[in-house]
Amino acid sequence: MPKREPNNKFKKLPRKFYERDTLTVARELLGKIFVHNLQGKLISGKIVETEAYLGEKDAAAHTYRGKTKRNEVMFKEGGHLYVYFTYGMHYCANVVTEQEGVGHAVLLRAVQPVEGFETMRELRKLDTVMELANGPAKLCQAFGIARAQNGTDLLGDKIFICDAECVPASRIGTSERVGITKAKEFPWRFFIKGNPFVSNL
DNA sequence: CTCTGGATTAGCT
DNA sequence: GCTAATCCAGAGC
């Protein structure tokens, strides 16, 4: 048996994983490992909470009214990173899904830190582990994701997502999405039941 | 051009 | 529980 190094343990998710139904991708991203190679310092975390944004069907999605300069990345083929700036001070990171031109994405709302604790603590200016990435803007801060990372291809070597555990349906919780005023009725938030790194409500 | 409010968070009361 | 912080995209005129 060859020795398995921590970073070779997981395989990068292929393009096909992302080019599927958005709600399916949002559920299946749970348990996968989100990785940022920040100038050689690896930061990674297990995805524990996501939300789906379904473009033209979804008044809460940035792409509801079609393509603009801000949301153009959401119309790329699945497997790109859509980063947007909001509330005058925060960034949020989304995984683009479906085929080119569709305009759907999955918001990464929380991860359980796995690797790179020191770097995350520096970026977050925080000593505790529990609150490093249990919210969409916290996650971006902890992972060093901002405007420059918008449009990053997740099949490249800087930011990617690795296959890991498949969370069974019985362990996935659903609810309405957080912090929106339009299309609130859709239960398109997904999280790992009982995981303490899911964001507070 | 102007105005409104937002896929949030931290820090108070 | 409440709200300030602090930009800027998108809508409306």
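A note on names: the letters A, B, ... follow the listed sequences, proteins ahead of strands, and every chain is numbered from 1.
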Item to check | Shortest non-hydrogen separation from A/K182 to A/A60 and the atoms involved | outcome: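 Taking every non-hydrogen atom into account, O-CB, 3.4 Å.
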Checklist entry - Which atom names give the shortest non-hydrogen contact between A/E49 and A/V198, and what distance separates them? => result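 Closest approach of A/E49 to A/V198: OE1-CG1, 3.2 Å.
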Checklist entry - Taking atom types as modelled, is there a side-chain donor on A/H80 or A/Y18 under 3.5 Å from an acceptor on the other? => result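 Per modelled atom types, A/H80 and A/Y18 side chains form no pair under 3.5 Å.
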Quick one: [X] [atom1] to [N] [atom2], roughly how many Å, whole number?
X      : N      : atom1 : atom2 : answer
A/K125 : B/dG11 : NZ    : P     : 12 Å
A/N134 : B/dA7  : CG    : P     : 19 Å
A/R70  : B/dG5  : CZ    : C1'   : 11 Å
A/R124 : B/dA10 : CZ    : C1'   : 9 Å
A/F186 : B/dA7  : CZ    : P     : 15 Å
A/R65  : B/dG6  : CZ    : P     : 13 Å
A/M130 : B/dT9  : CE    : C1'   : 17 Å
A/E176 : B/dA7  : CD    : P     : 15 Å

Checklist entry - Expressed in whole Å, how much space separates the P atoms belonging to C/dT6 and B/dT2? => result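 Those two atoms are separated by 23 Å.
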Next on the checklist: I'd like to know if A/Y64 and A/L23 are part of one continuous hydrophobic network [Ile/Leu/Val/Met/Phe/Trp/Tyr, side-chain heavy atoms within less than 4.5 Å].
Outcome noted: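 Per the 4.5 Å side-chain linkage, A/L23 and A/Y64 are not co-clustered.
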Next on the checklist: Using OP1 and OP2 only, check whether a side-chain N or O of A/K138 sits under 4.0 Å from B/dA10.
Outcome noted: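 Answer is yes, contact under 4.0 Å.
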Checklist entry - First contact, last contact: which nucleotides of DNA chain C are these for chain A, 5' to 3', heavy-atom distance under 4.0 Å? => result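 Footprint of chain A along DNA chain C, 5' to 3': C/dA5 to C/dA11.
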Next on the checklist: At 4.0 Å (heavy atoms only), tell me whether A/A60 reaches a base, stays on the sugar-phosphate, or touches nothing.
Outcome noted: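 The residue A/A60 makes base contact.
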Checklist entry - Okay, side chain of A/N150, backbone of A/V83: is any donor-acceptor separation there less than 3.5 Å? => result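 Answer holds: yes.
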Item to check | For DNA chain C, the residues among residues 83-108 of chain A that have a non-hydrogen atom under 4.0 Å from it | outcome: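 A/F85, A/Y87, A/G88, A/M89 - these, ordered by number, are the residues of the stretch whose heavy atoms sit under 4.0 Å from the strand.
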Item to check | Closest listed nucleotide, where the reference is the side chain of A/Y82 and the choices are B/dA10, B/dA7, B/dG6 | outcome: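 Of B/dA10, B/dA7, B/dG6, B/dA7 is nearest to the side chain of A/Y82.
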Next on the checklist: Does the plane of the ring in A/F186 sit parallel, tilted or perpendicular to the ring in A/W188? Use 30° and 60° as the thresholds.
Outcome noted: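 Parallel.
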Next on the checklist: Looking at A/F85, I'd like to know if the NZ or CZ of A/R147 sits under 6.0 Å from its six-membered ring centre while staying within 45 degrees of the ring's axis.
Outcome noted: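 Checked: cation-pi criterion met.
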Checklist entry - Between A/R121 and A/F117, is NZ or CZ placed under 6.0 angstrom from the six-membered ring centre and within 45° of the ring axis? => result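 No, A/R121 does not sit over the ring of A/F117.
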Item to check | Step-by-step side-chain hydrogen bond (donor to acceptor under 3.5 Å, both in side chains) determination, A/N134 to A/K138 | outcome: CA-CA 6 Å; A/N134 63 336; A/K138 297 178 189 178; 3.1 Å; yes
Checklist entry - Atom CG in A/D21, atom CD in A/E28: separation rounded to 0.5 Å? => result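 Answer rounded to 0.5 Å: 9.5 Å.
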Item to check | Test side chain to side chain contact (heavy atoms under 4.5 Å, CB included) applied to A/E98 and A/V25, A/T22, A/L54, the passing residue | outcome: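 Checked A/V25, A/T22, A/L54 against A/E98; only one passes side chain to side chain contact (heavy atoms under 4.5 Å, CB included): A/T22.
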Checklist entry - More 5' along DNA chain B: A/E131 or A/K182, using each one's nearest nucleotide? => result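 This one resolves to A/K182.
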Next on the checklist: Both atom distances under 3.5 Å, Watson-Crick or G-U wobble: I'd like the secondary structure of DNA chain B as a dot-bracket string, with | for pairs made across strands.
Outcome noted: ||||||.|||||.
Checklist entry - Under 6.0 Å between ring centres, would you say that holds for A/H62 and A/Y53? => result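 Judged by ring-centre distance (under 6.0 Å), A/H62 and A/Y53 do not meet the cut-off.
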